[in-house]
Amino acid sequence: MQANMHSGGQRVVITGAGSGLGRELALCYARNGARLALADLQTEGLKETLALVEQAGGNGFCQRCDVRDFSQLAALAQTCEERMDGIDVLINNAGVSSGGFFWDLSLEDWEWQISVNLMGVVKGCKAFMPILMRQRSGRIINIASMAALMQSPGMSNYNVAKAGVVALSESLLAELQPLGIKVNVVCPSFFQTNLLDSFRGPDQAAKQQVAKLLESSPISAADVAGIIYQQSAADQFMILPHESGRMAWAAKQADPQVIYDEMTRLAAKRIEQAKI
């Protein structure tokens, strides 16, 4: 039975599949013959993604899922057991954006950010772990951000949540590899997406700054999805889709102080502009 399931291509679960990178990942895997379990909080977006997947020659199903609620993720895992007899790839992609200086961010802003961007990934991994452990095979791809590696000022809660995703992925890489389960973490820089639809924070100037960066990106969400597809299959653990991101990360590894000084300059400029 397992062989029959695989003959229909990879069985892939994607959270946050209703738009943006999640949708592009769904289309990329669909074009490569995958069967898809698509999850998102927004059911309309999910239906649109499934329609596009079917147009691209793929197939799958949708299930509404709030990654903050473990029971909903566990229900998704159960559906994947029933309908696909397991999974080959879990992509923890659901995420939200936020911004604001630390002194302006409320504890609620922190809790919301960490509950979605970090604990949503933890819960996603936890919900599907019994399937992966039973199979002794599969792959987890966690979507983090360059913010995990280069902590820009004015988005501390986002930086912390995404850095947690990288640390979780590094931990899982070591623990799961001996069991035949592979792990990748993706740290994209800004790219054209609808991330700002979920933006929450006191700092609208930060939102405008992010909007400019998103618009000026040299690569699209579809490009990022293609890079993730290729590099995860090649077992590249940390995937940095943007050349500027790879250069910045190399610079930080070579001399972290240079980056800290640059971030401090950026913060000082923003503080001056905001007349704090």
Side-chain angles (χ1 to χ4, degrees), residues 13-16 20-22 25 39 41 65-70 72-74 89-129 132 139-177 181-191 193 195-196 198-201 203 206 210 224 228 232 236-242 245 248-249 252-253 256 259-260 263:
V13 185
I14 305 174
T15 67
L21 180 58
L25 282 163
L41 203 50
C65 183
D66 183 342
V67 297
R68 293 172 296 181
D69 182 347
F70 180 73
Q72 292 184 33
L73 283 158
V89 183
L90 166 65
I91 306 179
N92 288 304
N93 166 72
V96 291
S97 64
S98 64
F101 283 112
F102 182 80
W103 50 84
D104 287 327
L105 290 168
S106 67
L107 288 177
E108 287 74 22
D109 289 331
W110 274 89
E111 283 161 10
W112 176 76
Q113 178 58 235
I114 285 170
S115 71
V116 179
N117 280 5
L118 176 54
M119 291 309 297
V121 176
V122 171
K123 289 172 183 176
C125 292
K126 196 77 178 159
F128 284 88
M129 196 58 61
L132 296 167
R139 179 182 299 282
I140 297 170
I141 303 175
N142 292 328
I143 308 298
S145 166
M146 275 310 293
L149 308 176
M150 313 286 295
Q151 288 77 27
S152 295
M155 45 198 284
S156 56
N157 57 346
Y158 185 80
N159 295 341
V160 167
K162 291 297 190 178
V165 172
V166 170
L168 170 67
S169 303
E170 290 176 342
S171 304
L172 292 177
L173 173 74
E175 292 180 18
L176 297 180
Q177 201 157 278
I181 302 160
K182 298 180 173 182
V183 179
N184 311 85
V185 67
V186 186
C187 296
S189 304
F190 294 105
F191 57 92
T193 180
L195 186 67
L196 285 180
S198 65
F199 184 91
R200 176 164 153 178
D203 187 350
V210 171
V224 174
I228 292 168
S232 63
Q236 171 77 31
F237 167 66
M238 185 179 282
I239 299 170
L240 306 177
H242 290 72
W249 179 227
K252 186 174 182 179
Q253 287 175 299
I259 302 299
Y260 300 145
M263 293 303 181

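Under the 3.5 Å distance criterion, the side-chain polar atoms of Thr15 are matched with a main-chain donor or acceptor of Ala94. Judged purely by atom type and a 3.5 angstrom limit, Lys182 has no side-chain atom pairing as donor or acceptor with the backbone of Gln177. A donor-acceptor pair under 3.5 Å is formed between the side chain of Gln72 and the backbone N or O of Asp66. Checking side-chain atoms of Arg139 against main-chain N and O of Ser232 turns up a donor-acceptor pair under 3.5 Å. Remark: side-chain polar atoms of Asn117 are not paired, donor with acceptor, to backbone N or O of Tyr158 under 3.5 angstrom. When atom types are taken as modelled, the side chain of Asn157 and the backbone of Ile114 share no donor-acceptor pair closer than 3.5 angstrom. Between the side chain of His242 and the main chain of Ser189, a donor-acceptor pair closer than 3.5 Å is present. Side-chain N or O atoms of Lys162 include one that pairs as donor or acceptor with a backbone N or O of Ile143 at under 3.5 Å. Side-chain atoms of Ser106 come within 3.5 Å of backbone N or O of Asp109 as a donor-acceptor pair.
By the 4.5 Å heavy-atom criterion applied to side chains, Pro188 and Pro241 are counted as neighbours. Between Val96 and Ser98, every side-chain heavy-atom pair lies at or beyond the 4.5 Å cut-off. Residues Ser169 and Asn184 have side chains not in contact (no heavy-atom distance under 4.5 Å, counting atoms from C-beta outward). Side-chain contact check for Ile239 versus Val185: every heavy-atom pair is 4.5 Å or farther apart.
Minimum interatomic distance between Arg68 and Ser115 (heavy atoms only, all atoms of both residues): CD-OG, 3.5 Å.
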